[in-house]
Amino acid sequence: MFGLVDGNNFYVSCERVFNPAIENKPVVVLSNNDSSVIARSNEAKALGIQMGVPYFQIKSLLEQHNVHVFSSNYALYGNMSQRMMDVLSAFTDEIEVYSIDECFVGLNGFDRWNLEEYGIKIRETVLQHIGIPTCVGIAPTKTLSKAANNLAKKLFRKDPSQSGVLLLDTEEKWKHALSQLNVADIWGIGHQYAKKLYSYNITNAADLARVRPAWAKKHLGGVVGERLIAELNGTSCIEMELVPRAKQTICVSRSFGKVVTDLGEISEALSTYASRAAEKLREEGTVAAVISIFIQSSRFKEKPFSAGLTITLPSPSSDSRIIVYHAIEGLKKIYKPGIEYKKTGIVLNGIISAKNMQTQLFEERPSNPALMKTIDKINKRWGPGTVHLASDGTTQEWQMLSTMRSKRFTTRWKELPVVKV
DNA sequence: TCTGGGGTCCTAGGACCC
DNA sequence: TCTGGGGTCCTAGGACCC
């Protein structure tokens, strides 16, 4: 059996832990650059505020209803997430952190317990220790546990006296649950597939569970679709991933807080992102062989501009100076003056373990792992960016907007509120 | 004025090989 | 006029996830 534990309106809940005054009030959290809505409290959902809607379009509506608005605070959410996962690991050895607010828990061998009660215990403990409300779905496949979680959330939102836990341990139970869900609510059915399914008159998840595997193979992305149908019928095809795999791709990109035309400013931003990407490699103990960089104007302009370049490094590296050097050299090649740029970024590929790397004897720009290790140590101790490359710039006027960010309560001593007693 | 960021997997099709 | 068959590797593009 699989359990799926998912934080309710996770980012909003994180904000509420440190700001109890916004409990039971409408709250939204915005994406980077304060661009669009990425999390909503139930009260905000009730006002009809949609996920992903641009902030500027609903600003007056939010003001009108006194909605509390926050810029996203990933330092806080990431740290709260870690704490939640730590609590969950006490409940089973089989833990798969699926996203910042979601975790699969393996419950094989737990059948002699009442699984519903176990789920309730999990919820209560996370709430008590971390302050984050969750819902729990339990079922014989991952896809069904996602569906169970989804339905548990819906029931709980409608009626807070519900347990917030849904156990689907018999065919009868999961069939009934699926009949209450739309196909678009199913894990693995996105926009395109939902549209296609509607056109075949398949709107209900229970209908989807009944389609022939061969039909799913043809219309829902090959073996992925086939697996999906099997999972909806109680046959588990997607196993727990207990050991997080090293990333195959690392991407760091961000929109600018203002329009940028100057090569110097874009270079600073790209240097900053390339450094961060290299840092991520070192966190994973890997090196990258290939880097891609890109620059873009606004996607919503009449004639959007976008350019990119892929560069193979002389040898795989995780050294910030090397990755930044090649990124900036590439940028100079694709930069065109007179364009209003909105975004730049770097993607790393050809990622392998640093241990398996073949070292070259003679290199124009040798990596210096000891230097990188020292920089990482300092930044870990004194905060991100304490030591950085000069090419990152000092004023960083292109930085994204984040005007309504709460304090980084759990990761910065300086931002801890002082309470007078 | 203003529309996020960071990932995964799969398939199809071309290049190339024998 | 005829113009194989089967395999691998790589990449681009499209779908998905949160």
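Here is the naming used below: chain letters follow the sequence lines, and residue numbers restart at 1 for every chain. The structure presented is a predicted model; accordingly, all values stated were derived computationally and were not measured.
Interface residues of residues 185-195 of chain A facing DNA chain C, ordered by number: A/Ile186, A/Trp187, A/Gly188, A/Ile189, A/Gly190, A/His191, A/Gln192, A/Tyr193; criterion, heavy-atom separation under 4.0 Å. Listed in residue order, the members of residues 81-100 of chain A having a heavy atom less than 4.0 Å from DNA chain B come to none. In the region residues 276-297 of chain A, proximity to DNA chain C at under 4.0 angstrom, judged on heavy atoms, holds for none of the residues. Near DNA chain B, meaning a heavy atom under 4.0 Å away, the residues from residues 333-346 of chain A are A/Lys342, A/Lys343. Scanning residues 210-246 of chain A for heavy-atom distances under 4.0 Å to DNA chain C yields an empty list. Annotation: proximity of residues 46-56 of chain A to DNA chain B (heavy atom, distance under 4.0 Å) is found for A/Pro54, A/Phe56, numbered in ascending order.
In summary, the side chains of A/Thr141 and A/Ser236 do not present any donor paired with an acceptor at a separation below 3.5 Å, with no hydrogens or angles considered. Looking at A/Arg282 and A/Ser320, their side chains do bring a donor and an acceptor atom within 3.5 Å of each other. Side-chain N/O atoms of A/Ser71 and A/Asp34 include a donor and acceptor closer than 3.5 Å.
A salt bridge links A/Glu279 with A/Arg276: the distance from a Lys NZ or Arg NE/NH1/NH2 to an Asp or Glu carboxylate oxygen falls below 4.0 Å. For the pair A/Asp169 and A/Lys173, the salt-bridge criterion is met [side-chain N within less than 4.0 Å of a carboxylate O]. Salt bridge status for A/Asp207 with A/Arg210: present, with a side-chain N to carboxylate O gap under 4.0 Å.
Spacing between B/dC16 and C/dG4 at atom C1', rounded to whole Å, works out to 16 Å. C/dT3 and B/dC17: their P atoms are spaced 24 Å apart (whole Å).
In this structure a side-chain-to-backbone donor-acceptor pair under 3.5 Å is missing from A/Glu340 to A/Ser297.
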*asked:* Let's go through A/Tyr118 and A/Met1 carefully: what are the C-alpha distance in whole Å and the side-chain angles of both, what is the deciding distance for side-chain contact (heavy atoms from CB on, under 4.5 Å) to 0.1 Å, and is it a yes or a no?
replied: CA-CA 12 Å; A/Tyr118 202 66; A/Met1 294 290 262; over 6 Å; no
Could you walk me through whether A/Phe70 and A/Asn19 pass the side-chain contact (heavy atoms from CB on, under 4.5 Å) test, one step at a time? CA-CA 12 Å; A/Phe70 291 88; A/Asn19 191 350; 3.9 Å; yes
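With contacts defined as side-chain heavy-atom distances shorter than 4.5 Å, the pair A/Cys251/A/Val347 qualifies. A/Ser163 has its side chain within reach of A/Glu116: a pair of non-hydrogen atoms, C-beta onward, lies under 4.5 Å apart. A heavy-atom distance below 4.5 Å is found between the side chains of A/Ser179 and A/His176.
If you run ring pair (Phe, Tyr, Trp, His ring centres under 6.0 Å) between A/Tyr341 and each of A/Trp398, A/Phe294, A/Phe256, A/Tyr335, only A/Tyr335 comes through.
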Would you be so kind as to tabulate the donor-acceptor pairs closer than 3.5 Å made by side chains of residues 22-29 of chain A, with sequence neighbours excluded?
from	atom 1	to	atom 2	distance (Å)
A/Lys25	NZ	A/Ala21	O	3.3

Side-chain donor-acceptor pairs under 3.5 Å in residues 92-105 of chain A, sequence neighbours left out?
from	atom 1	to	atom 2	distance (Å)
A/Thr92	OG1	A/Glu94	N	2.9
A/Thr92	OG1	A/Gly106	O	2.9
A/Glu96	OE1	A/Lys142	NZ	2.6
A/Glu96	OE1	A/Glu241	N	2.8
A/Glu96	OE2	A/Lys142	NZ	3.4
A/Tyr98	OH	A/Trp187	NE1	3.1
A/Ser99	OG	A/Asp101	N	3.4
A/Ser99	OG	A/Asp101	OD1	2.9
A/Ser99	OG	A/Glu102	N	3.4
A/Glu102	OE1	A/Lys146	NZ	2.6

Can I get a per-line list of side-chain donor-acceptor pairs under 3.5 Å for residues 50-66 of chain A, giving both atom names and the distance, sequence neighbours left out?
from	atom 1	to	atom 2	distance (Å)
A/His65	ND1	A/Leu61	O	3.1

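Between the CD1 atom of A/Ile322 and the OG atom of A/Ser317 there is a distance of 3.5 Å, given to the nearest 0.5 Å. Taking OH of A/Tyr77 as the start and CD1 of A/Ile132 as the end, the distance is 10.5 Å to the nearest 0.5 Å. In this structure, the separation between CG on A/Leu181 and CG on A/Leu232 is 10.0 Å, given to the nearest 0.5 Å.
From the 5' end on, the contacts that DNA chain B makes with chain A at under 4.0 Å to a non-hydrogen atom open and close at B/dC2 to B/dT11.
Between A/Thr249 and A/Tyr74, the residue anchored closer to the 5' end of DNA chain B is A/Tyr74, taking for each the nucleotide with the nearest heavy atom. A residue-by-residue look at A/Cys251 and A/Val259 shows that A/Val259 has its nearest nucleotide of DNA chain B further toward the 5' end.
Backbone-only contact: A/Asp101 has heavy atoms under 4.0 Å from sugar-phosphate atoms and none from a base. At the heavy-atom level, A/Lys59 lies nowhere under 4.0 Å from the strands shown. Contacts of A/Asn33 with the nucleic acid, taken as non-hydrogen atoms under 4.0 Å apart, are absent.
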Here DNA chain B, pairs taken as Watson-Crick or G-U under 3.5 Å and shown with ( ), [ ] when crossing and | when to another strand, reads ....||||||||||||||
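The local environment of NZ in A/Lys196 is crowded, with over 12 non-hydrogen atoms from other residues, nucleotides or ligands closer than 6.0 Å. Within a 6.0 Å sphere centred on NZ of A/Lys247, heavy atoms belonging to other residues, nucleotides or ligands number 12 at most.
Contact between A/Met400 and A/Ser255 at its shortest, heavy atoms only, is CB-O, 3.8 Å.
Applying the salt bridge (charged side-chain N to carboxylate O under 4.0 Å, His left out) rule to pairs touching residues 1-12 of chain A yields A/Asp6-A/Lys153, sequence neighbours excluded.
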